Amino acid sequence: MTDLSTDLFDPSTVMDSNQITDDGHFGFAFNDSNFSDRVLRIEILAGSSEFKSDGEGCSSLADWARNRKRRREDLKKDNGLDVAVAEEQVLNQPDTDGILGCENEDEEAVAMVEESPSDIGNEAAHSDDSSWSMDCSTVVRVKILHISSPILAAKSPFFYKLFSNGMRESEQRHVTLRINASEEPALMQLLNYIYSNTLTATTAPAILDVLMAADKFEVASCMRHCSRLLRSMPMTPESALLYLELPSSVLMAEAVQPLTDAAKQYLVDRYKDITKFQDEVMALPIAGIEAVLSSDDLQVASEDAIYDFVLKWARVQYPELEERREMLCSRLVRFIRFPHMTCRKLRKVLTCNDFDHEVASKLVLEALFFRAEAPHRQRSLAVENSASATSRRFLERAYKYRPVKVVEFELPRPQCVVYLDLKKEECENLFPSGRVYSQAFHLGGQGFFLSAHCNVDQQSAYHYFGLFLGMQEKGSVTFSVDYEFASRQKPTDDFLSKYKGNYTFTGGKAVGYRNLFGLPWKSFMAEDSPFFINGLLHLRAELTIRL
């Protein structure tokens, strides 16, 4: 429990709200003059025609969000002015000497100690007659509370600063706070929490109201408590998006990070396969799209598919080119992992009008330089940049089609060398009849791919590792290719040829070898297998067009 004998108003005292424990329970002292050293006068303004909090009467978080948005719009409509002008009008009211208010619930709350206190009983008696006018800045009622400044200051830097402003004379103990009518229930819940460490609010909208009030009055312990309560409730797409679209001051608070992290993880898990929920994902706001794209585990064919999706989403959500270009370059490009896109797609990035040319050139150059690095340097760059959720551009996702590295030659004959690496756990997942496909690569204007299989021999019932080369395009096109499969092998770690052949492809056909290593599956996957080097199976396919 906080030591109340400490002089909380000593300017040399440094308060760290993160060190304040939640062990103190002073509910008995709330609004009790016997345990209070100050009087809090709460002037309640008419913020809209409905004097209730966002959460009051809201059956869902969607209602909470709509009600909050509607009250913002009503405030501006009633004023006929922007918020800054409306606030200036309030400050110029003739009866506001020595009192500052907060007209907009999204602005910082302001209060101050009055110079000359009036009789408490008279204030309470005349509280119903304290209205100034019938506009939105009207004080509709006044609430008087007895408060303990050490208790409030111990939990809230806002109140700490308020009570340590140098006015320490005994007769200057009256504080006036001005709030909107919609904020009153949440503020009373917050004050009660400061004393008792408990909340009576049980619905998500009401708890969100308290969270907003706790942010405004800087009560970090209450923000953590609200965050825990909200995380304990069932998450939905609606609630997850609402948590991610809270005001920036709330989102930046450390106490709310576990809630926003849970919301992001919910969206990531729900939309892991974005093709399955394409309509829902296309309707997500920017905060939701950023959460989904930050995942390493998206079940997508390749990073090319991510790029195409982002471009499609941006064109739907931002039909104006300049607005779309600004959103893509400032918010979304950092979630596209350009180093893992194919060269053919990177060429399209350079000519895409949706991106600023300078930004596109920088991204493509970075991707190409990364691809030119040695494998150990690529792994190092990926690790160095993986600490930040927004700087994971060098990490591969869990692509359905495995990335390949391709070296192309035009002379003396059209030729390409393709490198495909498979993790040991990826190979394990192929048993007993699985397949994994590579990204497409091109030779002589035709698209090809590699596929690794776990095959079973019908006679011996043994399983084997097989590697195949397929032609992507379907149709009547024929294409004659010499090919060779190779794999790195211990102890030299050099590539050793495993199979050679030639084949005249017809569109959609594939060729390969069902038992590439001449070993049963169990021996191929054994701990002492010579084919896995640091947990990776290194495969190489060399293709040459026969002229």
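Small disclaimer: the values here were computed from a predicted structure and weren't measured. Along the sequence shown, the residues carry numbers beginning at 1.
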Requested in this report: Hey, could you give me the CD1/CG distance between Ile336 and Leu311, rounded to the nearest 0.5 Å?
Outcome: 7.5 Å
Query raised in the report: Are any of the side-chain nitrogens in Arg402 or Glu426 under 4.0 Å away from the carboxylate oxygens of its partner?
Result: yes
Query raised in the report: Nearest 0.5 Å, what's the CG-CE distance between Asp354 and Met327?
Result: 13.5 Å
Query raised in the report: Is the closest side-chain heavy-atom distance between Phe309 and Lys312 below 4.5 Å?
Result: no
Query raised in the report: Below 4.5 Å, heavy atoms only, C-beta onward: do Val268 and Asp297 meet side chain to side chain?
Result: no
Requested in this report: Can you label the angle between the Phe217 ring and the Phe158 ring as parallel, tilted or perpendicular, going by 30° and 60°?
Outcome: perpendicular
Report task. Measure the CG-NE2 distance between Leu190 and His225 for me, rounded to the nearest 0.5 Å. Result -> 11.5 Å
Query raised in the report: CE of Met233: more than 12 outside heavy atoms within 6.0 angstrom?
Result: yes
Query - Verdict with reasoning, Gln265 to Asp261, per side-chain hydrogen bond (donor to acceptor under 3.5 Å, both in side chains) - result: CA-CA 6 Å; Gln265 190 59 49; Asp261 289 344; over 6 Å; no
Query raised in the report: CD/Glu358 to SG/Cys329 distance, rounded to the nearest 0.5 angstrom?
Result: 10.0 Å
Report task. Check the pair Ser232, Arg228 against side-chain hydrogen bond (donor to acceptor under 3.5 Å, both in side chains), reporting the backbone distance first and the verdict last. Result -> CA-CA 6 Å; Ser232 69; Arg228 286 194 296 268; over 6 Å; no
Report task. Check whether any side-chain heavy atom of Leu242 sits under 4.5 Å from a side-chain heavy atom of Leu208, and report yes or no. Result -> yes
Query raised in the report: Which heavy-atom pair separates Arg337 from Ser295 by the least distance, and what is that distance?
Result: NH2-O, 3.7 Å
Requested in this report: Could you tell me whether the side chains of Asp273 and Thr275 share a donor-acceptor contact shorter than 3.5 Å?
Outcome: yes
Report summary line: Heavy atoms of Lys264 and Ala291 approach each other most closely as CG-CB, 3.9 Å
Requested in this report: Nearest 0.5 Å please: distance from the CG atom of Leu229 over to the SG atom of Cys222.
Outcome: 9.0 Å
Query raised in the report: Taking all non-hydrogen atoms of both residues, which atom of Leu293 and which atom of Arg397 are closest, and how far apart?
Result: O-NH1, 2.8 Å
Query raised in the report: Is the backbone N or O of Leu152 less than 3.5 Å from a side-chain atom of Ser156, with the two atoms forming a donor-acceptor pair by type?
Result: no
Query raised in the report: So do Lys400 and Gln299 actually touch side chain to side chain, heavy atoms under 4.5 Å?
Result: yes
Requested in this report: Measure from the side-chain N and O atoms of Glu183 to the backbone N and O of Asp209, and report whether any donor-acceptor pair falls under 3.5 Å.
Outcome: no
Query raised in the report: Backbone N or O of Ser182 within a donor-acceptor pair of the Asn180 side chain at under 3.5 Å?
Result: no
Requested in this report: Show your reasoning for whether side-chain hydrogen bond (donor to acceptor under 3.5 Å, both in side chains) applies to Glu43 and Thr176.
Outcome: CA-CA 7 Å; Glu43 294 185 350; Thr176 297; 5.2 Å; no
Query raised in the report: Do Tyr266 and Leu241 come close enough that some side-chain heavy atom pair is under 4.5 Å?
Result: no
Query raised in the report: Do Val175 and Val39 have side chains that get closer than 4.5 Å, going by heavy atoms?
Result: no
Query raised in the report: If only atom types and distance count, is the side chain of Trp313 paired as donor or acceptor with the main-chain N or O of Leu284 below 3.5 Å?
Result: yes
Query raised in the report: Considering all heavy atoms of both residues, which atom of Ala301 and which atom of Tyr399 are nearest to each other, and what is their separation?
Result: O-CB, 3.7 Å
Query - Residues Arg270 and Glu280 bridged, charged N to O under 4.0 Å - result: yes
Report task. Using distance alone, with no hydrogens and no angle criterion, decide if Asn429 and Glu425 have a side-chain donor and acceptor under 3.5 Å apart. Result -> no
Report task. Applying side-chain hydrogen bond (donor to acceptor under 3.5 Å, both in side chains), run through Lys155 and Asn197 and close with a yes or a no. Result -> CA-CA 10 Å; Lys155 289 288 184 71; Asn197 293 316; 2.8 Å; yes
Report task. Report yes if some heavy atom in the side chain of Ile147 is under 4.5 Å from a heavy atom in the side chain of Tyr195; otherwise report no. Result -> yes
Report task. Carefully, step by step, assess Val333 and Leu363 under the rule side chain to side chain contact (heavy atoms under 4.5 Å, CB included). Result -> CA-CA 9 Å; Val333 291; Leu363 292 169; 4.0 Å; yes
Report task. Let me see the working for Arg178 and Leu45 under side chain to side chain contact (heavy atoms under 4.5 Å, CB included), right down to the final yes or no. Result -> CA-CA 7 Å; Arg178 179 175 291 179; Leu45 305 178; 3.5 Å; yes
Query raised in the report: Do you know the tightest heavy-atom contact between Ala360 and Val349?
Result: CB-O, 3.8 Å
Report summary line: CG of Leu267 to CD of Glu290, rounded to nearest 0.5 Å, is 12.0 Å
Query raised in the report: Looking at Arg324, Glu326, Arg325, which hits side-chain contact (heavy atoms from CB on, under 4.5 Å) with Tyr318?
Result: Arg324
**Report entry** Audit row: Arg38, Phe163, side chain to side chain contact (heavy atoms under 4.5 Å, CB included) steps and yes/no
**Finding:** CA-CA 10 Å; Arg38 303 220 183 204; Phe163 298 140; 3.9 Å; yes
Requested in this report: Take Ser148 and Phe35, measure what side chain to side chain contact (heavy atoms under 4.5 Å, CB included) needs, and give me the verdict at the end.
Outcome: CA-CA 7 Å; Ser148 169; Phe35 300 98; over 6 Å; no
Report task. Please report the shortest heavy-atom distance between Met223 and Ala253, naming the atom on each side. Result -> CE-CB, 3.5 Å
Report task. Inspect the contact between Glu303 and Arg393 and indicate whether a charged nitrogen and a carboxylate oxygen are less than 4.0 angstrom apart. Result -> no
Query raised in the report: Is it true that Asp296 and Arg392 make a salt bridge, defined as a side-chain N closer than 4.0 Å to a carboxylate O?
Result: yes
Query raised in the report: Okay, side chain of Gln189, backbone of Glu184: is any donor-acceptor separation there less than 3.5 Å?
Result: no
Query raised in the report: Do the side chains of Phe355 and Ser361 get nearer than 4.5 Å, heavy atoms only?
Result: no
Report task. Kindly assign one of parallel, tilted or perpendicular to the pair Phe394 and Phe370, based on the angle between their ring planes and the thresholds 30° and 60°. Result -> parallel
